Amino acid sequence: MTVKDNLEVIQTHIRKSCAKVGRNPADIHLIGVTKYVGVERTREAIRAGVSHIGENRAPGLHAKQEGLTDNHDTVSWHFIGTLQSRKVKDVIPTVHYIHSLDRLSLAKEIHKRAEQAVNCFVQVNMSGEASKHGLPPKDVQAFLESLTPYTNVKVVGLMTMAPYTHDEEYLRDLFRRLKVLQTAMADAGYEHAPCTELSMGMSNDYQIAVEEGATYIRIGSALVGNEG
Ligand SMILES: *Cc1c(COP(=O)(O)O)cnc(C)c1O
């Protein structure tokens, strides 16, 4: 399948999910996750109309950015993976969004290395699985409050990675709970943390995520396949 064909299928699904719950498809931003594929397949995605690209490791990010200099300015780059503090300086200058803010030491490092505010999502562990990164939901508000001094960290929203399962009700409940938390944080009105966005939904579960309020969905295998 070409990326263009895959994209059409995904967009049809997004429109259907939006229609079901009365959302506007224009409010859903599709991030093409290219960690499984090379520069050529990533170029194909951009040519098909994908304007957000996500990578989970610094070398993958740099390989795509260096290989795609012709498109570089039209793409928003997202760092979606676990970020080690010592890698912050390598990704900061070229990313538009970091989806994996989950600890104060990382916020401090972002603040120190950035020359202007960086859009971040706070990663939340909704499933409670020890293998998943992110803050427990009950810690999110205090964490946001602790970020006040680090003015180069702007929390645009919350992010989660759901476990891989076909249990639709489980996933729906998980996404719904993150939406409730995000709305509460947005209503709290923190100046440095507007928290208006929700990064949730991957190849396996993006339709449910869209129905439950996702504004950024991160799609890898269903969009570009897997060359690995
Ligand atoms: C790999 C990855 C994705 C995309 O996964 P698919 O199931 O292939 O769509 C999304 N988010 C994160 C954080 C990832 O690491």
Side-chain angles (χ1 to χ4, degrees), residues 1-14 17 28-39 41-42 44-46 48 50-64 75-84 87-88 91 95-103 106 118-127 129-135 155-168 170-171 174-175 178 182 197-228:
M1 290 276 268
T2 65
V3 177
K4 191 162 178 291
D5 291 337
N6 291 336
L7 182 61
E8 277 169 19
V9 171
I10 293 166
Q11 283 170 335
T12 302
H13 288 156
I14 293 173
S17 292
I28 321 294
H29 307 285
L30 189 156
I31 303 169
V33 175
T34 52
K35 66 187 183 197
Y36 313 110
V37 300
V39 169
R41 194 76 169 159
T42 305
E44 202 189 320
I46 294 168
V50 175
S51 59
H52 296 270
I53 296 291
E55 281 281 336
N56 66 339
R57 293 180 58 241
L61 176 75
H62 294 144
K64 303 308 183 326
V75 172
S76 291
W77 298 94
H78 296 253
F79 194 87
I80 61 172
T82 308
L83 186 53
Q84 294 168 294
K87 297 276 183 182
V88 166
V91 307
V95 295
H96 300 93
Y97 293 87
I98 292 174
H99 289 246
S100 46
L101 177 58
D102 63 354
R103 57 195 192 278
L106 183 57
V118 180
N119 297 315
C120 296
F121 287 86
V122 168
Q123 184 167 356
V124 188
N125 179 350
M126 299 303 292
S127 66
E129 286 177 297
S131 61
K132 289 273 186 290
H133 290 273
L135 290 162
V155 180
V156 295
L158 303 182
M159 176 273 208
T160 201
M161 234 176 132
Y164 183 84
T165 170
H166 291 289
D167 183 343
E168 187 181 321
Y170 174 84
L171 291 167
L174 185 151
F175 291 142
L178 189 64
Q182 175 260 317
E197 309 301 320
L198 259 183
S199 169
M200 60 189 195
M202 311 182 8
S203 293
N204 175 54
D205 55 21
Y206 68 90
Q207 290 159 275
I208 305 168
V210 167
E211 288 169 23
E212 299 303 332
T215 59
Y216 287 83
I217 56 177
R218 311 178 309 267
I219 304 193
S221 41
L223 180 70
V224 292
N226 187 343
E227 291 171 355

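The shown structure was predicted, so the numbers you read here are calculated from the model rather than taken from an experiment. Only heavy atoms go into these numbers, but all of them, side chains included; no hydrogens, no water, no symmetry mates. Both ligands and their constituent atoms are indexed starting at 1 by order of listing.
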Ligand-protein N/O pairs under 3.5 Å (ligand 1):
from	atom 1	to	atom 2	distance (Å)
ligand 1	8 (O)	Tyr36	OH	3.0
ligand 1	8 (O)	Ser221	N	2.8
ligand 1	8 (O)	Ser221	OG	2.8
ligand 1	9 (O)	Ser203	N	3.0
ligand 1	9 (O)	Ser203	OG	2.5
ligand 1	9 (O)	Gly220	N	2.8
ligand 1	11 (N)	Arg218	NE	2.9
ligand 1	15 (O)	Lys35	NZ	2.6

Using the six-membered ring wherever Trp is involved, compare the ring planes of Tyr164 and His166 and label them parallel, tilted or perpendicular (cut-offs 30° and 60°). perpendicular

Can you classify the ring geometry of Phe121 versus Tyr216 as parallel (below 30°), tilted (30 to 60°) or perpendicular (above 60°)? perpendicular

Any non-hydrogen side-chain atom of Ile98 less than 4.5 Å from a side-chain atom of Leu106?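 When only atoms from C-beta onward are counted, Leu106 and Ile98 do not touch, as no gap falls below 4.5 Å.
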
Could you tell me whether Arg57 atom CZ has more than 12 heavy atoms of other residues or ligands within 6.0 Å of it? no

Option among His99, His96, His29 that satisfies the ring-ring contact (aromatic ring centres under 6.0 Å, His included) test with His78: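 Going through His99, His96, His29 one by one, the ring-ring contact (aromatic ring centres under 6.0 Å, His included) with His78 is satisfied by His99 alone.
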
Start with the C-alpha distance between His52 and Leu30, add both sets of side-chain angles, then the distance that settles side-chain contact (heavy atoms from CB on, under 4.5 Å), and finish with yes or no. CA-CA 7 Å; His52 296 270; Leu30 189 156; over 6 Å; no

